[in-house]
There are 2 protein chains.
Amino acid sequence: MSLPHALLTSLLERPCSGLDLARRFDRSIGFFWPASHQQIYKELGRLEQAGWVASTAAEGARGRKKIYQVLPAGRDELRRWTGTAEDPPPLRDALLVRLRAEAVLGPAGVAGDLRHRLERHRRQLALYREIEQRDFSGRELSRAERLQYLVLQSGLATEAQQAALCEQALELLSAPEPD
Amino acid sequence: MSLPHALLTSLLERPCSGLDLARRFDRSIGFFWPASHQQIYKELGRLEQAGWVASTAAEGARGRKKIYQVLPAGRDELRRWTGTAEDPPPLRDALLVRLRAEAVLGPAGVAGDLRHRLERHRRQLALYREIEQRDFSGRELSRAERLQYLVLQSGLATEAQQAALCEQALELLSAPEPD
DNA sequence: GAACTCATGTAAGGGGTTACATGATTTA
DNA sequence: TAAATCATGTAACCCCTTACATGAGTTC
């Protein structure tokens with residue numbers, strides 16, 4: 001139930017419309033809390049009902065475009081929520097189930113998924129490294145920037161770890177049985 | 001949609017009842033595909049409908065206990081599924097949203113969640129290390145065991161990485177601003 | 001026989017995904 | 001004016017979570 005707070009965070013960084021939010025999610029906060037535009041529109045409606053954000057019809061823009069911005073009550077709510085604690089989200093990864101299935105079945109073709117996943121993780125890693133170079137390198141960082149960088153580093157570490165798992169598994173599968 | 005295949009995998013390792021499955025999930029496959037007993041009962045019903053498992057009333061046991069075992073069609077299905085590929089599951093972690101919120105709000109108490117999470121990850125890490133000592137140390141491992149060990153190592157690496165993130169964030173929050 | 005545990009379910013509700021709908025504006 | 005894009009939604013479905021229900025054996 002963190003989507004509303006992810007939206008408040010993003011809108012605090014910059015007020016914008018629902019579709020703009022959806023686009024920004026695709027390359028920022030959405031890396032660790034993905035959301036479709038359908039979800040975002042519905043949630044923005046709730047946030048407005050709750051009095052946490054306000055919308056104004058965008059001028060000079062096409063159609064029914066609405067710009068949302070965070071109200072003081074929304075900022076208070078985000079601050080309150082940020083101060084609460086939760087358990088880590090449960091891990092749920094089909095690849096690990098496949099590896100266990102391969103263990104019990106004998107050779108069953110899990111290498112295909114491993115290669116697919118390895119390619120995805122390497123691609124994501126490359127994307128995160130681009131962002132690292134572009135936004136966080138070669139200068140002194142503010143407190144806020146260092147926090148944002150830490151979040152990116154978490155993504156880097158996660159992708160690297162998953163890629164390493166795929167590599168180790170592929171190596172294991174191609175190795176001969178020990179004597 | 002991997003719960004049916006997680007159940008097939010677990011039932012191949014050893015046939016058992018729904019409640020036994022639920023208990024085994026709590027300390028094995030459930031580490032990377034959690035499931036409640038309600039989910040498990042419902043899914044076992046579907047698996048039986050599909051002809052992938054068969055149940056027999058348990059003798060010498062109390063009540064309505066049923067023992068499930070995998071049928072050849074179920075084994076075929078598990079083999080088929082193991083050979084397919086999927087994208088990595090989307091990452092969705094409220095802690096990372098909180099860190100971004102703390103970045104945009106200024107101090108908002110995220111340290112509380114960081115300490116809570118650190119404690120959980122350390123506890124999980126200790127549990128995985130116990131399992132490692134108990135099941136995978138001090139002897140030659142078979143192919144199946146090495147695959148299972150790899151899955152456990154993935155859990156170890158994930159928990160260690162998350163704990164490290166919490167430690168780094170706590171350090172950053174307690175450090176003074178640079179000149 | 002009352003309380004507890006074992007064992008198997010049912011029901012309600014929420015978040016997320018996928019597919020579809022609709023109107024307005026720009027572009028060819 | 002036809003097609004493409006912008007912008008905002010609705011609806012159906014699925015998985016998961018939480019709370020509750022039920023019967024059968026065991027223990028005090």
Side-chain angles (χ1 to χ4, degrees), chain A residues 1-8 11 15-26 29-50 53-68 81 86-94 97, chain B residues 1-8 11 15-26 29-50 53-68 81 86-94 97:
Chain A
M1 238 280 280
S2 302
L3 178 57
H5 303 96
L7 293 175
L8 288 171
L11 284 176
C16 64
S17 72
L19 196 60
D20 288 338
L21 262 180
R23 280 194 278 248
R24 279 166 57 194
F25 257 59
D26 282 344
I29 286 195
F31 288 141
F32 44 89
W33 202 280
S36 63
H37 71 99
Q38 294 94 328
Q39 260 183 296
I40 288 172
Y41 284 124
K42 189 184 292 184
E43 197 58 48
L44 282 174
R46 286 183 198 146
L47 293 181
E48 193 166 24
Q49 280 286 323
V53 303
S55 68
T56 55
E59 296 165 18
R62 63 164 86 189
R64 303 168 287 178
K65 188 169 181 175
K66 287 185 279 186
I67 303 295
Y68 288 88
W81 176 82
E86 286 177 66
D87 284 345
L91 173 62
R92 204 169 251 132
D93 190 339
V97 178
Chain B
M1 239 281 280
S2 302
L3 178 58
H5 303 96
L7 293 175
L8 288 171
L11 284 175
C16 65
S17 72
L19 195 60
D20 288 338
L21 261 180
R23 279 194 279 250
R24 279 166 56 194
F25 258 60
D26 282 343
I29 287 194
F31 289 140
F32 44 89
W33 202 281
S36 64
H37 70 99
Q38 294 92 328
Q39 260 183 294
I40 289 172
Y41 284 124
K42 189 181 291 184
E43 197 59 49
L44 282 174
R46 286 185 200 145
L47 293 181
E48 194 166 24
Q49 280 286 323
V53 303
S55 67
T56 55
E59 296 166 19
R62 64 164 85 189
R64 301 169 287 176
K65 188 168 180 173
K66 288 185 279 187
I67 303 294
Y68 288 89
W81 175 83
E86 284 177 67
D87 284 345
L91 174 60
R92 202 168 252 133
D93 191 339
V97 178

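Model, not experiment: these values are computed from the prediction. All values below come from the heavy atoms of this structure, side chains included, with hydrogens, waters and symmetry mates left out. So you know, we letter chains A, B, ... as the sequences are listed, proteins then strands, and number each from 1.
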Measuring from the side chain of K66(B) (C-beta onward, heavy atoms only), which nucleotide among dT8(C), dG15(C), dC15(D) has the closest atom?
dT8(C)
Once you round it to whole Å, what is the distance between C1' of dA7(D) and CZ of R64(A)?
7 Å
Of the listed dG9(C), dC16(D), dT18(C), the closest approach to the L3(B) side chain comes from dC16(D)
Atom pair distance, as rounded to whole Å: CG in L47(B) and P in dG9(C):
13 Å
Quickly work out the K42(A) NZ to dG14(C) P distance and round it to whole Å.
11 Å
Please enumerate all residues that pass side-chain hydrogen bond (donor to acceptor under 3.5 Å, both in side chains) together with Q39(A), with sequence neighbours excluded.
none
Value for CD (E43(A)) from CE (M1(A)), rounded to nearest 0.5 Å, stands at 7.5 Å
For F25(B), which residues count as a ring pair (Phe, Tyr, Trp, His ring centres under 6.0 Å) partner, sequence neighbours excluded?
none
Atom-pair distance (CG on L7(A); P on dG16(C)), nearest Å:
10 Å
With sequence neighbours excluded, tell me which residues meet side chain to side chain contact (heavy atoms under 4.5 Å, CB included) with R24(A).
S10(A), E13(A), R14(A), C16(A), R27(A)
Side-chain atoms of L19(A) come closest, of dA7(D), dT18(D), dA7(C), to dA7(D)
Quick one: salt bridge (Lys or Arg N to Asp or Glu O under 4.0 Å) partners of E48(A), sequence neighbours excluded?
none
The side chain of W33(A) lies closest to which of these nucleotides: dA7(D), dA7(C), dG16(C)?
dG16(C)
Quick one: CD1 on I29(B) to CG on L7(B), what's the gap to the nearest 0.5 Å?
8.5 Å
Detail all sub-3.5 Å separations between protein N/O atoms and N/O atoms belonging to nucleotides 19-21 of chain C.
{"residue": "dA19(C)", "atom": "N6", "partner": "Q38(A)", "partner atom": "NE2", "Å": "2.7"}

Which of these nucleotides, dT8(C), dC16(D), dT8(D), is closest to any side-chain atom of R92(A)?
dC16(D)
Rounded to the Å, how far apart are Q39(B) CD and dG14(C) C1'?
14 Å
Of all residues at least two apart in sequence or in a different chain, which pass the side-chain hydrogen bond (donor to acceptor under 3.5 Å, both in side chains) check with D20(A)?
S17(A), R23(A)
To the nearest angstrom, how far is D87(A) atom CG from dC16(D) atom C1'?
16 Å
Report the distance from atom CD1 of I67(A) to atom P of dA7(D), rounded to the nearest whole Å.
9 Å
Expressed as a whole number of angstroms, how long is the span from H5(A):NE2 to dG15(C):C1'?
15 Å
Examine dT8(C): is either OP1 or OP2 under 4.0 Å from a nitrogen or oxygen in the side chain of Y41(B)? Give yes or no.
yes
